[in-house]
Amino acid sequence: MIIEVSVKTSAKVRSINKEGTIYHIDLKSKPFQNSANIELIDFLSLHFDVMKSSVVILKGFKSKKKLIEIKGL
């Protein structure tokens with residue numbers, strides 16, 4: 001399954017909302033030294049109940065808009 005994600009960093013609470021085909025995700029960490037991407041992978045693996053290794057960022061490593069592949073769904 002491939003999803004489009006829009007990420008907001010430095011939020012007070014982690015949350016996920018779906019509008020149409022895009023998931024809007026708020027993360028607590030700052031976009032520094034890949035910490036936001038690591039938190040995003042952890043959060044999506046918990047949300048979709050898959051292993052962390054099943055969540056792969058295909059595009060947008062340094063962007064707020066990302067393309068994510070979730071294997072096993």
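At a threshold of 4.5 Å between non-hydrogen side-chain atoms, the residues Ile2 and Glu69 count as touching. Annotation: side chain of Leu27 is in contact with side chain of Leu40 (closest heavy-atom distance under 4.5 Å). Using a 4.5 Å cut-off on side-chain heavy atoms (C-beta onward), Val5 and Lys65 make no contact.
Both Val7 and Met1 sit in one connected hydrophobic cluster of ILVMFWY residues. Membership requires side-chain heavy atoms under 4.5 Å apart, directly or through other members.
Atom OG of Ser63 and atom CD1 of Ile57 lie 11.0 Å apart (nearest 0.5 Å). Taken from CD1 in Ile3 to CG in Leu58, the straight-line distance is 10.0 Å, to the nearest 0.5 Å. Distance NZ/Lys30 to OG1/Thr9: 8.0 Å, rounded to 0.5 Å.
Considering only residues two or more places apart in sequence or on other chains, Lys52 meets the salt bridge (charged side-chain N to carboxylate O under 4.0 Å, His left out) condition with Asp42. In this structure His24 satisfies the side-chain contact (heavy atoms from CB on, under 4.5 Å) test together with Ser6, Glu19, Ile22, sequence neighbours excluded. Residues forming a side-chain contact (heavy atoms from CB on, under 4.5 Å) with Asp26 (at least two apart in sequence, or on another chain): Lys8, Ala11, Ser15. Annotation: side-chain contact (heavy atoms from CB on, under 4.5 Å) contacts of Phe32 (sequence neighbours excluded): none.
Hydrophobic side-chain contacts under 4.5 Å tie Ile38 to no other Ile, Leu, Val, Met, Phe, Trp or Tyr residue.
For residues 48-73, the pairs satisfying ring-ring contact (aromatic ring centres under 6.0 Å, His included) are Tyr23-Phe48, with sequence neighbours left out.
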side-chain contact (heavy atoms from CB on, under 4.5 Å) between Leu46 and Arg14, intermediate numbers included: CA-CA 12 Å; Leu46 289 172; Arg14 290 192 330 179; 3.9 Å; yes
side-chain contact (heavy atoms from CB on, under 4.5 Å) assessment of Met51 paired with Lys71: CA-CA 9 Å; Met51 295 181 357; Lys71 300 174 185 173; over 6 Å; no
side-chain contact (heavy atoms from CB on, under 4.5 Å) between Ile70 and Val50, intermediate numbers included: CA-CA 8 Å; Ile70 302 172; Val50 295; 4.0 Å; yes
side-chain contact (heavy atoms from CB on, under 4.5 Å) assessment of Leu67 paired with Glu4: CA-CA 5 Å; Leu67 198 61; Glu4 291 180 61; 3.9 Å; yes
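A donor-acceptor pair is defined here as one N or O able to donate and one able to accept, closer than 3.5 Å; such a pair exists between the side chain of Lys66 and the backbone of Gly60.
When all heavy atoms of Ala36 and Ser29 are compared, the pair lying nearest together is CA-OG, 3.2 Å.
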